[in-house]
Amino acid sequence: MYKLLTPGPITTTQSVKSTMLQDWSTWDCDYNDIVQAIRRELVRLATPAPGYTSVLMQGSGTAAVESVIGTTLGANDKLLILANGAYGERIEEIARYLRIPHSTLNFSELGAIDTTRVNEALSDDSEISHVAMVHCETTTGRLNDLHAVSTIVEKHQRLFIVDAMSSFGGIPIDMGALGIDFLISSANKCIQGVPGFGFICAKTTEMEKLEGRARSLSLDMYQQWRTMEEHGGKWRFTSPTHVVRAFHRALEELGEEGGIGARHRRYLENHRVLVEGMRNLGFKTLLEDRYHSPIITTFLYPEHPAFSFSRFYDLLKKNGFVIYPGKVTDADCFRIGTIGDLNKQDVETLLKRIGDNMYWTAEPDRQRA
Ligand SMILES: *Cc1c(COP(=O)(O)O)cnc(C)c1O
């Protein structure tokens, strides 16, 4: 047994896991009522403003992103992608696969989104109809400034799509106040469910316009939404019933914890204890503090000739913690996630396991002996 210090799947509670021990029929109201309760709760978490709706979509988070990109843009539309990491670049890759006209402002993995350039791009290109960005760029752990971008997108009156996959539920976001038209997340991140579906919260008047636009049958977000709306929570195709049930329990536990504000504070504390402790052990973070999210943190490899990430990883795993390899192109690094059913004590135990042994400097042979 180990704790997952990764940004999804994450460590779930025993009670979330145990809800999956029952098989559910998808044909009657018991199950569909759960789906409807989930949809309402997601909207409630996304904004206090009226006029928003939600839809659940089978698959990984990327499937949900692909369903939004593939369903929202019409034949004459164009997407502007703001990228500073692998997940922003993945939106670009989706647009390329689906042959959707697009342009990308790539600020590089180590760069912040430059709103002056976003403003220029929207002023210069009137064909751009939609803007997409990632909130917490899980590649580095950077928290992008939604508010700054939202002001510009709103000024230019374009539609705003946000991949809030790794932040929704763990960081307060008011999509109404931020003018977000489509917000995407998934079951296995900050809501603390298990993997199997993604979801989209959307402005209802924008969702209603999307009939016939999708470039894929199974990822037709509009038809999925309409079926759920008209048939009381029914999915078009086989739904991940166990995962949905677990997610419903996870939402209840989010409420029991005190809501998104309380969860955010727990994650902030996890992150603070982690960064402080790692720095005391001599590790350096990739990003400056002001860019950090409380979701996941990137640390540079220590400058020790004996350091081997795979050995470090294996030894921590044996000691009850699974960390995450780095994903940044130009730096040797690894990542530690601080979301899921984890608290400050877990982070302190992790730091102790690292500090007690300094595994990363140990010789492999001595370590095995
Ligand atoms: C996890 C994540 C995704 C989706 O990843 P999947 O592996 O498809 O679930 C998308 N965007 C961000 C920012 C993420 O953190």
Side-chain angles (χ1 to χ4, degrees), residues 4-12 56-70 79 81-95 97-98 104 106-109 111-113 131-146 149 160-171 173 175 180 182-201 216 218-219 221 240 243-244 246-247 250 263 267 271 286-287 291-298 322-328 333-340:
L4 292 170
L5 306 181
T6 59
I10 41 83
T11 302
T12 55
L56 316 183
M57 184 64 71
Q58 297 96 327
S60 75
T62 305
V65 177
E66 193 159 343
S67 79
V68 171
I69 302 299
L79 179 64
I81 300 148
L82 312 179
N84 55 355
Y87 294 98
E89 285 169 9
R90 191 174 295 174
I91 298 177
E92 183 182 24
E93 200 177 358
I94 289 169
Y97 261 72
L98 300 179
T104 304
N106 197 326
F107 303 97
S108 91
E109 286 160 338
I113 293 177
V131 177
M133 69 176 277
V134 175
H135 183 209
C136 171
E137 186 37 274
T138 320
T139 312
T140 51
R142 177 189 296 270
L143 196 60
N144 283 317
D145 188 345
L146 268 187
V149 178
F160 194 21
I161 298 168
V162 175
D163 170 349
M165 201 74 62
S166 62
S167 56
F168 185 75
I171 299 177
I173 303 171
M175 70 180 290
I180 300 170
F182 298 93
L183 178 144
I184 311 151
S185 187
S186 74
N188 61 277
K189 305 240 176 172
C190 297
I191 308 276
Q192 299 184 182
V194 301
F197 71 91
F199 55 86
I200 298 105
C201 296
S216 153
S218 59
L219 295 179
M221 173 179 69
V243 176
V244 169
F247 189 73
R263 180 154 298 176
Y267 289 171
H271 168 77
L286 176 77
L287 298 179
Y291 297 123
H292 277 155
S293 69
I295 307 297
I296 186 165
T297 310
T298 303
V322 168
I323 63 168
Y324 214 47
K327 207 172 182 167
V328 176
C333 54
F334 60 88
R335 292 174 288 173
I336 299 183
T338 34
I339 62 174

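Just so you know, ligand 1 is whichever comes first in the structure, and atom 1 is the first atom listed for that ligand.
Between G85 and ligand 1 there is no heavy-atom distance shorter than 4.0 Å.
Looking at T11, its side chain does come within 3.5 Å of a backbone N or O of L4 through a donor-acceptor pair. In this structure, the side chain of K327 does not engage the main chain of T140 through any donor-acceptor pair within 3.5 Å.
Proximity annotation for atom 1 (C) of ligand 1: of K189, E137, M165, R90, K189 comes nearest, heavy atoms only.
Summarising the geometry, atom OG1 belonging to T6 is positioned 7.5 Å from atom CD1 belonging to I296; distances are rounded to the nearest 0.5 Å.
Polar contact with ligand 1: absent for S186 (N/O pair, distance under 3.5 Å). Distances between N or O atoms of S60 and those of ligand 1 include at least one value under 3.5 Å. Of the polar atoms of G61, at least one N or O is found under 3.5 Å from an N or O of ligand 1, judged by distance alone.
Those atoms of ligand 1 with a heavy atom of T62 less than 4.0 angstrom away are 4 (C), 5 (O), 6 (P), 8 (O). The contact set between ligand 1 and V134, taken as ligand atoms under 4.0 Å from a residue heavy atom, comprises 13 (C). The T138 neighbourhood of ligand 1 comprises atoms 12 (C), 13 (C), 14 (C), 15 (O), with distances under 4.0 Å to a heavy atom of that residue. Numbered from 1 in the order shown, with element, the atoms of ligand 1 that lie under 4.0 Å from a heavy atom of S166 read 15 (O). Ligand 1 places these atoms under 4.0 Å from at least one heavy atom of C136: 13 (C).
At least one side-chain heavy atom of M165 sits less than 4.5 Å from a side-chain heavy atom of V65. Between I91 and I161 the shortest side-chain heavy-atom distance does not fall below 4.5 Å. At least one side-chain heavy atom of F160 sits under 4.5 Å from a side-chain heavy atom of M133. A 4.5 Å side-chain heavy-atom check between E89 and T104 finds every atom pair outside the cut-off.
Between F199 and F247, the ring-plane angle classifies as tilted under the 30° and 60° cut-offs.
If you look at D163 next to ligand 1, the close heavy atoms, those under 4.0 Å, all belong to the side chain.
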